[in-house]
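Contents: one structure, followed by commentary.
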Amino acid sequence: MAVWAVLAAAGKGERLGSDRPKAFARLGGRPLLAESLERLDGSDWIDQIVIAAPAEWEEPSILVAEEIVATKVHSTVTGGETRSESVRLALEAVPEDAAAVLVHDAARPLLPEDVIERVLTALGEDWDGAVPTLPLADTIKRVEGDRVVETLARDALVAVQTPQAFVADVLRAAFAGDLSDPTDCSSLVEARGGRVKAVPGDPRLLKVTDEEDLALVESWLEP
Ligand code: CTP
Ligand code: MG
């Protein structure tokens, strides 16, 4: 059973405000992309990797793969305007015989092997997909403008991270439809009635959005 990884790295990183795409921001002296790519490449669970790179940053992406001596990078494709477009374009490079696809954000550099294991193990238990989740610490309310209209039952809510794993055919079918407003890959699968398992995530999978996040993740890197 071949497991393919799609690494979504094609974003601009506007909120980080660097002079280059976020995947090439410096993290511990290397491009941010190197961290998640190295972890995917080193994972016992992953066979092949497709990188969705920002336009005009395809070559530098290949160089990052060479620098870390990655052996599983199958191809680098040019990403699209939105994250889901980038994932759709990367999926086109995943062959028909792939059994499972794991989609990960390059913006989450610290990718623990046990989270990869948890989401992929769920596929063997007959789920269509699996997502890493974290409990919410804060009370969550729905607002309209500045008026609080509802307090949601927190114990039924979780925050969702990547990597997200799916049966390859299920993910392909989900991406064949309308991509206009998905918040993640799983939401497309859920919308088609797919059964997605929530598994424990990891706080270290923090998504780097701004400078503060970058500094925090950097402080968590192994020396
Ligand atoms: N992504 C992508 N293609 C896009 C937009 C986003 O592959 N057109 C990827 C990013 O590279 C990132 C992940 O999706 O790994 C999550 O996106 P986000 O954190 O929003 O990153 P950016 O879009 O790069 O950041 P910003 O929104 O601040 O520009
Ligand atoms: Mg974005």
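Just so you know, these numbers use all the heavy atoms, side chains as well, and skip hydrogens, waters and symmetry mates. First listed ligand is number 1; within each ligand, the first listed atom is number 1.
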Worked check of side chain to side chain contact (heavy atoms under 4.5 Å, CB included) between Glu35 and Arg30: CA-CA 8 Å; Glu35 203 66 42; Arg30 311 195 289 181; 3.1 Å; yes

Worked check of side chain to side chain contact (heavy atoms under 4.5 Å, CB included) between Ile68 and Leu37: CA-CA 9 Å; Ile68 63 170; Leu37 185 59; 3.8 Å; yes

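Checked against Thr76 for a side chain to side chain contact (heavy atoms under 4.5 Å, CB included), the options Ile49, Ile51, Leu7, Val64 give a single hit: Ile51. For the side chain to side chain contact (heavy atoms under 4.5 Å, CB included) with Pro54, the lone residue among Pro60, Pro21, Ser86 that qualifies is Pro21.
Considering backbone and side-chain N/O atoms, Val208 never comes within less than 3.5 Å of an N/O atom of ligand 1.
Side chain of Lys72 to backbone of Ser43: a donor-acceptor contact under 3.5 angstrom is found.
Contacts between Val87 and ligand 1, counted as non-hydrogen atom pairs separated by less than 4.0 Å, are absent for every part of the residue. Within the 4.0 Å heavy-atom criterion, the part of Lys22 lying near ligand 1 is the side chain and not the backbone. Residue contacts with ligand 1, taken as heavy atom pairs separated by less than 4.0 Å, do not involve Ala52 at all.
Among protein heavy atoms, atom 6 (C) of ligand 1 sits closest to Gly11 CA, 3.5 Å. Of the protein's non-hydrogen atoms, Lys207 NZ, 4.3 Å is the one closest to atom 17 (O) of ligand 1. Considering only non-hydrogen protein atoms, atom 7 (O) of ligand 1 sits nearest to Ala10 N, 3.0 Å. Atom 8 (N) of ligand 1 has Gly80 O, 2.9 Å as its closest protein atom, hydrogens excluded (heavy atom only). For atom 15 (O) of ligand 1, the closest non-hydrogen atom on the protein side is Ala8 O, 2.8 Å. From the protein, the heavy atom lying nearest to atom 20 (O) of ligand 1 is Arg15 NH2, 3.0 Å.
The shortest heavy-atom distance from Ala23 to ligand 1 is not under 4.0 Å. Assignment of Gly79 to the shell around ligand 1 is not supported, since no heavy atom sits closer than 4.0 Å. At a 4.0 Å cut-off, at least one heavy atom of Thr82 sits close enough to ligand 1 to count as contact.
The nearest pair of heavy atoms linking Glu56 to Glu58 is N-OE1, 3.0 Å.
Interface atoms of ligand 1 facing Glu81, defined by a heavy-atom separation under 4.0 Å, are 8 (N). The atoms of ligand 1 that sit less than 4.0 Å from any heavy atom of Ser86 are 2 (C), 3 (N), 4 (C), 7 (O), 8 (N). Ligand 1 places these atoms under 4.0 Å from at least one heavy atom of Gly13: 22 (P), 24 (O), 25 (O), 26 (P), 28 (O), 29 (O).
Counting heavy atoms only, Glu14 comes closest to atom 29 (O) of ligand 1 of the residues Glu14, Glu85, Arg83.
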